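Just follow the structure's listing: the first ligand is 1, and inside any ligand the first atom is 1. As the structure is a prediction and not an experimental result, all values here were calculated from the model.
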Amino acid sequence: MANKQPFPTDLELTALDPVFRECPHDRLDRLRAEDPVHLMDAERRLFLTRFEDMRAVLADRSLSKDFRKAPDNARQRAMRGDVPLEATEPSMLNLDDPDHKRLRGLVSQAFNQRSIDAWRPRIRIIAEGLLDALADRRSFDLISVFAAPLPIIVIAEMLGVDPADLARFRRWSDATAHVLNPARTPEQTAELNVARQEFKNYFAGAIDARRERRGSDLISLLVAAEEAGDRLSAREIEITCNLLLVAGNLTTTDLIGNGVLALLRHPDQLAYLCAHPERVPHAVEEMLRYDPPVVQIARIALEPRKIGGKEVDAGQTMTCSLLAAGHDPALHSDPHRFEIERGDTTHLAFGGGAHFCLGAPLARAEAQIAIATLFERFPSLQLDPEHAVEHKRAPMFNGLETLWLRAV
Ligand code: HEM
């Protein structure tokens, strides 16, 4: 018999809702089966739960990511906090072509597979250093001592940030992430604005220093591109560096945390992985499918179109549930089972189309190295029963606040 409950809307489809946080798939499965292109709220946003619809939306270059082109609505005002629309300068993440293509083109060289492969030995040394510091600890919170610092140290080194500035860099990274949380508190908005200003000042100085003396770091590469072709302004460089923090740090932390939790909750899979360490890259893909760090991304229709048989008007927003995409029974057999050797790990965890995650090779390398080094060092890790696993309350991200483990 059909479920007569009203369909969930807006925040009920995010981790701000306690029921969704604990068990998102009840709601997502129901929507996929009964209303896969779901009208979500008074602002007429659509919520998509079928893999194929989302793949088509993400591949469609006629759709926009530039929120300035959507009708100004309450959610966008909340996302901007106190910052007026005219004052928000979007990064490549929220620009359409030709600006998007120009900015992405300039940074992409640093993030291609070859450049990232060259970083692997260094990432391993950083991971091992963090684990060395845990040698005498019986119990630790994996997020704060390992999963969070690892990507921050790596990106700071890539940017050429002085190691003495790491603590500040980490604070900015955490505060800046509030930009993606429409439900942030006034205190978090204040922290965000302070972090933005400090970050801006710091990078203005760093860019000037690179003009004087060029190095081999990422900021130097961006400055060189600017000087060679007058194509990136100092402000664009700073916005791009800021994006790398927002887009890259928390997400990679969440991938490591969610992945380790999945392994510890599936001891047969963990035992398999420890016996077959060469399968770590495949296991990371299954982690991205099963419990992705970014759960929602959106596109704006600039013209009327159809999606999944439904009419979409110009100005309407389509939200893709990347969590639902990885659990679509049309694609994945027994989708809610975590299984490293499943044949069908296809996912949209890094998005798709023109905005496909620029940092995917780096995120994959960091997660693979983190998982491998952690279980090499601590083959019999367990969840610490004295601490509950705590999920973050963020609408677009999916991760753990803390993950307490016991080394037995
Ligand atoms: C597991 C970790 C990560 C996940 C799950 C992730 C996910 C995503 C997703 C879903 C998008 C597309 C957003 C959209 O289309 O609306 C994206 C874009 C992006 N990501 Fe990642 N990301 C991760 C790590 C990183 C890292 C490590 C970096 C770089 C340091 C990075 C840099 C970017 C950038 C620059 C974009 C914008 C690309 C564009 O607009 O063309 N990401 N990411």
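Salt bridge annotation for D217-R210: present, with a cationic side-chain nitrogen under 4.0 angstrom from a carboxylate oxygen.
Every atom of ligand 1 with a heavy atom of A354 under 4.0 Å away is listed here by number and element: 41 (O). Within ligand 1, the atoms closer than 4.0 Å to a non-hydrogen atom of F111 are 29 (C), 30 (C), numbered from 1 in the order shown. Close approach of ligand 1 to H100 (heavy-atom distance below 4.0 Å) involves ligand atoms 39 (C), 40 (O), 41 (O). Atoms of ligand 1 lying under 4.0 Å from any heavy atom of I155, numbered from 1 in the order shown and given with element: 30 (C). The atoms of ligand 1 that sit less than 4.0 Å from any heavy atom of L255 are 1 (C).
Protein heavy atom in closest approach to atom 12 (C) of ligand 1: H355 O, 3.5 Å. Here the protein heavy atom with the shortest distance to atom 16 (O) of ligand 1 is K65 NZ, 2.5 Å. Closest to atom 5 (C) of ligand 1, if we only count protein heavy atoms, is A349 O, 3.6 Å. Looking only at protein heavy atoms, the nearest one to atom 38 (C) of ligand 1 is R104 NH1, 3.4 Å. From the protein, the heavy atom lying nearest to atom 35 (C) of ligand 1 is L243 CD2, 3.5 Å.
At least one heavy atom of R299 lies less than 4.0 angstrom from ligand 1.
Of all protein N, O or S atoms, those under 2.8 Å from atom 21 (Fe) of ligand 1 number 1.
With hydrogens and angles left out, the side-chain atoms of S62 and D60 include a donor and acceptor closer than 3.5 Å. There is a side-chain donor-acceptor pair under 3.5 Å between H336 and D29. Between the side chains of D291 and N398, at least one donor N or O lies within less than 3.5 Å of an accepting N or O.
At a 4.0 Å heavy-atom cut-off, ligand 1 touches I297 through the side chain alone.
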Exercise. Could you go step by step and tell me if D96 and S64 meet the side-chain hydrogen bond (donor to acceptor under 3.5 Å, both in side chains) rule?
Worked result: CA-CA 6 Å; D96 298 333; S64 175; 2.5 Å; yes
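Counting non-hydrogen atoms of neighbouring residues, nucleotides and ligands closer than 6.0 angstrom, the CD atom of E52 exceeds 12 such neighbours.
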